[in-house]
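Have a look at the structure below, then the notes.
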There are 2 protein chains.
Amino acid sequence: MENQNISDIIESYLKQILAESQQVEIRRAEIADQFNVVPSQINYVIKTRFTIQDGYVVQSKRGGGGYIRIEKVKLLDNLDFIDSLVTAVGDHITRHDGLAVVRSLFEAGAVNRREVNIILAAIDKDAINTGDRDLDQQIRARVLISILNHLRYES
Amino acid sequence: MENQNISDIIESYLKQILAESQQVEIRRAEIADQFNVVPSQINYVIKTRFTIQDGYVVQSKRGGGGYIRIEKVKLLDNLDFIDSLVTAVGDHITRHDGLAVVRSLFEAGAVNRREVNIILAAIDKDAINTGDRDLDQQIRARVLISILNHLRYES
DNA sequence: ATAATATTAGTCAACATTAGTCAAGAAAAC
DNA sequence: GTTTTCTTGACTAATGTTGACTAATATTAT
């Protein structure tokens, strides 16, 4: 406990608040100042310790009155399944393989038919079509993973 | 929560009125004075928070007896409505405007909350991120339009 | 009627105020 | 000793605020 680094301490501080309330809203500069670190360290802490896998969703706004808001979300019980699909998608995916992933989701009951169609529209070849096949596959992978991550929790 | 910027406060004030009546008519200088800001800030608030994508139409008149009128538009039946959104999206769209489009879809009853989240995940900045901002906006537009077009068939 | 003046709102660019990214170096873990 | 994680700061991006200038419309004077 005595050899905690400052990132761990900031993490604890935020999680202590989150233990009692559903969300915490901070001003980055204020927290950085409070713990005597540079502002970007707050981003580091959030990026490494408040991920969707950990059950947190983060929103922020810049400019006057800006903030970072961390919300604790209720994770569903399909996590391992989603994890496996995220792994399967990887950083590139073809339309064909993307279709298979969406089909898996449907067969597992994670999405309904309407939702399937929305997802397919999103990764359609006419939607994602930069002229660079490799880039298209990367974008398709990220879009799919982004959607998968949102299926991890209820909102 | 406590450090809201003044633009948000003015937005809330106007939307509170709009929650109870179809439209609100203001004198710019009066509102500016009431909230202690320069008049042009009212234009900023309107331009950023009461767009057609958000479902508002703004009319104004200068000179003596001038006014700014914000009207919450009646959502048309689905097909026309989706047409108008497709037009609004155009061939490129920012995340901010994309969010407004999706919000409109939701408010029109064209999609439910779960579907909103899937669509937002699909056009998220982490999902569509090639490093080329302009390209990102083009892809986001195509993804959104692809989804909008699929919603036509189903509804 | 027309011109001058007053009274509104609109535009735009400068500046202010926030958060985000990235890569280099330091520290810790292995 | 190498690899991973943490820390830092320079640079970037998004959003909000302000004020000088412009434009439109109404009112008043001639």
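Since this is a predicted model, take the numbers as computed values, not measurements. In what follows, every chain begins at residue 1, and chains take the letters A, B, ... in the order their sequences are listed.
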Students often get this wrong, so: under 4.0 angstrom with heavy atoms, is B:Tyr44 touching a base, only sugar-phosphate, or nothing? base
Backbone of A:Gly98 reached by a side-chain donor or acceptor of A:Arg140 within 3.5 Å: no
Contact class for B:Ile68 vs. all strands (heavy atom < 4.0 Å): base, sugar-phosphate, or nothing? sugar-phosphate
A quick test of your reading: do over 12 heavy atoms of other residues, nucleotides or ligands sit less than 6.0 Å from CZ of A:Arg133? no
Using a cut-off of 4.0 Å on non-hydrogen atoms, how would the nucleic acid contact of A:Arg49 be classed: base, sugar-phosphate, or nothing? sugar-phosphate
Toward the 5' end of DNA chain D, which comes first, B:Arg95 or B:Gln41, by nearest nucleotide? B:Arg95
Please check if the number of heavy atoms outside A:Glu20 that lie under 6.0 Å from its CD is greater than 12. no
Under 4.0 Å from any atom of DNA chain C, heavy atoms only: list the residues of residues 6-15 of chain B that qualify, in numerical order. none
Side-chain donor-acceptor pair under 3.5 Å between B:Asn43 and B:Ser40, yes or no? no
Residue pair B:Arg152 / B:Asn149, side-chain donor-acceptor N/O under 3.5 Å: yes
Could you pull out the protein-nucleic contacts involving nucleotides 1-5 of chain C (nitrogen or oxygen on both sides, under 3.5 Å)?
none

Can you tabulate the close N/O pairs, meaning under 3.5 Å, that link protein atoms to atoms of nucleotides 15-17 of chain C?
none

Go through the steps to decide whether A:Gln138 and B:Thr130 satisfy the test side-chain contact (heavy atoms from CB on, under 4.5 Å), and finish with yes or no. CA-CA 9 Å; A:Gln138 283 181 42; B:Thr130 64; over 6 Å; no
Distance-only donor-acceptor test, B:Ser40 side-chain atoms vs D:dG19 base atoms, 3.5 Å: yes
Report the residue (B:Val37 or A:Asn36) whose heavy-atom-nearest nucleotide on DNA chain D is the more 5′ of the two. A:Asn36
Scan B:Arg133 against the nucleic acid and name what it touches under 4.0 Å (heavy atoms): base, sugar-phosphate only, or nothing. sugar-phosphate
Using heavy-atom distances to pick each residue's nearest nucleotide on DNA chain C, tell me which of A:Lys47 and B:Ser60 is more 5'. B:Ser60
